[in-house]
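This one's a predicted model, so the numbers in the text were calculated from it and none came from an experiment. Lettering of chains follows the sequences in order, A, B, ..., and the numbering in each one begins at 1.
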Number of protein chains: 2
Amino acid sequence: MQPDQINNAWHTAAKCEECAIRSMVLFADLTKDDFDHIHHPIHELNFATGETLYNQGDKPEAIYTVRSGLVKLVSYLSDGSFRIVRILRQGDVVGLEALDEKPYLHHAVILETASFCRLPVSDIKALNESSPHLFKQLTARWQRVISDADTWLSKLTSGFAKQRVAHLLLYLARDCKTKQCYLPGREDMGALLAITTETASRVIAEFKRKGYIKLASPHQAMIDQEALNAIIQGDPEDSSVQNQR
Amino acid sequence: MQPDQINNAWHTAAKCEECAIRSMVLFADLTKDDFDHIHHPIHELNFATGETLYNQGDKPEAIYTVRSGLVKLVSYLSDGSFRIVRILRQGDVVGLEALDEKPYLHHAVILETASFCRLPVSDIKALNESSPHLFKQLTARWQRVISDADTWLSKLTSGFAKQRVAHLLLYLARDCKTKQCYLPGREDMGALLAITTETASRVIAEFKRKGYIKLASPHQAMIDQEALNAIIQGDPEDSSVQNQR
DNA sequence: CGGATCGTTGACAGGTATCAATGCTGGTGG
DNA sequence: CCACCAGCATTGATACCTGTCAACGATCCG
C-alpha cells in the first residue's frame, strides 16, 4: 500500500476537476470555488488484493471513494463466523459512517487491486457548510447504499442456494457490457449468501459443468445471463425437480 | 387515516419546538429561525394497523418521521413472494429515498397504530440550504438505516430458524425496558427471516411451550432475553442436538 | 519437490420446505 | 344470542436441500 500523496491543495483540486471518473464521484458537481475550500491534500491510495483499507472499530478520519477495483465490507459475528455485507466498486463511497463520527462498522478488504481517493471528514464537513453542491451527491450515495442493501436482503438471502448464487453473479455483472464479472472465492461466496463453502463450491461447479459460467481467469467469469435468470425463476430444466418458492 | 392538518406554518413551528419526542426526530436541533423557513404546514397523520402509508413506485413528495407505532417496509419479488426489509419505530424516518427524487422503493404498511409527521421534500431541501443543522440529523438517520440494514443482514438471515427468530425478538425488544415486544404474524416473520410461515409458527410455538416467550396480547410478547441469547449461542439444552455454526 | 491454500466431491444426518389437515378466534348475519 | 365463516396459527408426514465431516485433487510458491 503506497500512498501517492499530492502535497498541494491546488494541484489536488485541479486533479479532482480533471478526474476521469469525476461524474461518478462525490465531488461530481463542485465548482472551482468549492475546491478552494479544500485545505488538506487529497491522498490517492493504491491497494493490492487481500490488503485492508481499514478495520472495524478504527477511528474514522476519512471516507474513501473507489476509483477502481473491488472492495468487500466484512462483519464478524460473536461466534467467530463472518458475513460480507456489501461489495463496493468504482464510484462507490467507503466508510460513510465516518461522517457520523462513528468508528468504522466493518473491515474493508480489497478483492481486486483498488485505488481510492481519501477524503478527510473535516474537509467534507467544511465543504458542506460552504457549498450546497456536496449535499446532493452525499444524498445520492447514501441512497445507493440503502437501496443496494435492500436488494441484497431481498434477493441474496432467500431461495435455494442456486438461485442465490445466480442472483449474486448477475449482481456482480450489473451494467457490465462484457457479461464478465468477478468470481468470489467459495468462502467469500458463502459469507455473501449465507450458505456454506461446500454448497457454494457445488453450485459453482455445477454451473461450470452446465456452461452457465466460464472462467476467464481464476477470479473472473463469463456468465450466461439467460441461463442464470432461468435458474432464478426456478427453471425445471436444471436437472433437479421443479423448484420454486 | 385522517390527516390532522395544521393550517398555520407558525403554529406548526411552535408545535415542532414543543414536540415530546423532539430529541429523536429530524428537526431535533433546528433553531426558531430555522422554523421560520418552513412554508408549508406540517401534517400529522394517523394510521391504523394494516393501512398503507405509501406504495412502491409512488411519487415521492414527502418523507415521514414516526412519532409512534410500528411500520414495515415491504418489497415484492418478481415471483410474487415478498420480503420485509426493515421495521421502523419511534424516531425513525420513512421514505428517505424521496430526498433523492426516487419513487418510493417499498410499500410502507402499518403494523401497530402509528402517527407520523409529514415533511414535504421541498421544505427539507429549502431548510437544508438555509441551515446547516438539518444536515447533521439527516446524516445520523442515513447512518442508522445503513447500520440497521447491516445488523439485519448479518444476524437475521443466517443460522438456524430458531436463532433467527431469537435474534428478531431481541431486535424488536431492543432498548425496551419492559422486555415486551411486538410479535409479528407468522407470515410476516417468515418474510423477515427468509423462512416459511410454517417454520416460523413451529419455532414460536416451541418458544411458547418452553416459556421463552409469553403472550401479553395477540401481538405483544414478554420475552426471556437470557433464554433467547442461549438459543443464539447454540445452546445444546434446547432439545435438539448440538447446533452451532 | 513438498507444503499450504483453495476448490471439488462424496456420504450422511438433520433442518426446512412442502403439502395437507386440524384448531383457534374474531367478526358477521340470521 | 348463537351459528357460521374467514383468516390465522398449529401440527403432522414426507421429500429434499443443505450443513457437516471427511477425503481428495488442483494450483501456487518457496
Side-chain angles (χ1 to χ4, degrees), chain A residues 48-50 79-81 83 111 156-166 168 182-210 213-215 217-221 231-232 234-236 238-245, chain B residues 48-50 79-81 83 111 156-166 182-210 212-215 217-221 231-232 234-236 238-245:
Chain A
T49 301
D79 65 357
S81 65
R83 291 289 309 269
L111 288 176
L156 300 188
T157 66
S158 50
F160 296 110
K162 277 185 212 175
Q163 297 173 314
R164 297 192 201 185
V165 173
L168 175 64
Y182 174 75
L183 186 68
R186 306 300 172 266
E187 190 179 13
D188 275 4
M189 203 172 284
L192 283 159
L193 303 175
I195 59 181
T196 57
T197 306
E198 293 92 332
T199 300
S201 176
R202 271 184 253 268
V203 173
I204 290 294
E206 184 187 331
F207 282 5
K208 281 197 280 197
R209 273 192 296 271
K210 294 193 176 166
I213 64 178
K214 290 189 177 56
L215 288 189
S217 75
H219 283 286
Q220 285 286 328
I231 299 272
I232 290 172
D235 189 356
D238 83 290
S239 79
S240 62
V241 224
Q242 269 92 321
N243 29 316
Q244 67 263 353
R245 171 186 305 217
Chain B
T49 301
D79 64 358
S81 66
R83 290 289 311 268
L111 289 176
L156 300 188
T157 65
S158 49
F160 295 110
K162 276 184 213 176
Q163 298 174 314
R164 297 192 202 184
V165 173
Y182 174 76
L183 186 68
R186 306 300 172 268
E187 190 179 13
D188 276 3
M189 203 172 285
L192 283 159
L193 303 175
I195 59 181
T196 58
T197 306
E198 294 92 329
T199 300
S201 176
R202 272 183 250 270
V203 172
I204 290 294
E206 184 187 331
F207 282 5
K208 282 198 277 197
R209 275 193 294 271
K210 295 195 175 166
Y212 299 163
I213 64 177
K214 290 186 178 55
L215 288 189
S217 75
H219 282 287
Q220 285 288 327
I231 299 274
I232 291 170
D235 188 356
D238 83 290
S239 80
S240 62
V241 224
Q242 270 91 322
N243 29 315
Q244 67 263 353
R245 172 188 300 218

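Note: CD (B/E206) to P (D/dA9) measures 18 Å, nearest angstrom. Rounded to an integer number of Å, the gap from NE2 of A/H219 to C1' of C/dG7 is 10 Å. Atom-to-atom, NZ of B/K208 to P of D/dC8 comes out at 15 Å; the value is rounded to the nearest Å. Summarising the geometry, the separation between CZ on B/F160 and P on C/dA13 is reported as 16 Å, rounded to the nearest angstrom. Going from atom CD of B/Q163 over to atom C1' of C/dG15 covers 12 Å, rounded to whole Å. As a whole-Å value, the separation of A/L183 CG from C/dC6 P is 15 Å. To the nearest angstrom, P of D/dT10 lies 11 Å from CZ of B/R202. Note: CD1 (A/I204) to P (C/dT8) measures 8 Å, nearest angstrom.
Each of A/A161 and B/P184 was assigned the nucleotide of DNA chain D with the nearest heavy atom; the assignment lying further toward the 5' end belongs to B/P184.
Taking CD from A/E187 and CD from A/E198, the interatomic distance works out to 10.0 Å, rounded to the nearest 0.5 Å. Taking CD from A/Q163 and CG from A/L156, the interatomic distance works out to 12.0 Å, rounded to the nearest 0.5 Å. Distance CZ/A/R164 to OG1/A/T199: 10.0 Å, rounded to 0.5 Å. A distance of 9.0 Å separates OG1 in B/T157 from CG in B/L193, rounded to the nearest 0.5 Å.
At a cut-off of 3.5 angstrom, the base of C/dC19 holds at least one donor-acceptor pair with the side chain of B/E198.
For B/S201, no side-chain nitrogen or oxygen approaches OP1 or OP2 of D/dA9 to under 4.0 Å. Side-chain N/O atoms of B/T196 include one lying less than 4.0 angstrom from OP1 or OP2 on C/dA17. Residue A/T199 has no polar side-chain atom (N or O) positioned under 4.0 Å from OP1 or OP2 of D/dT18.
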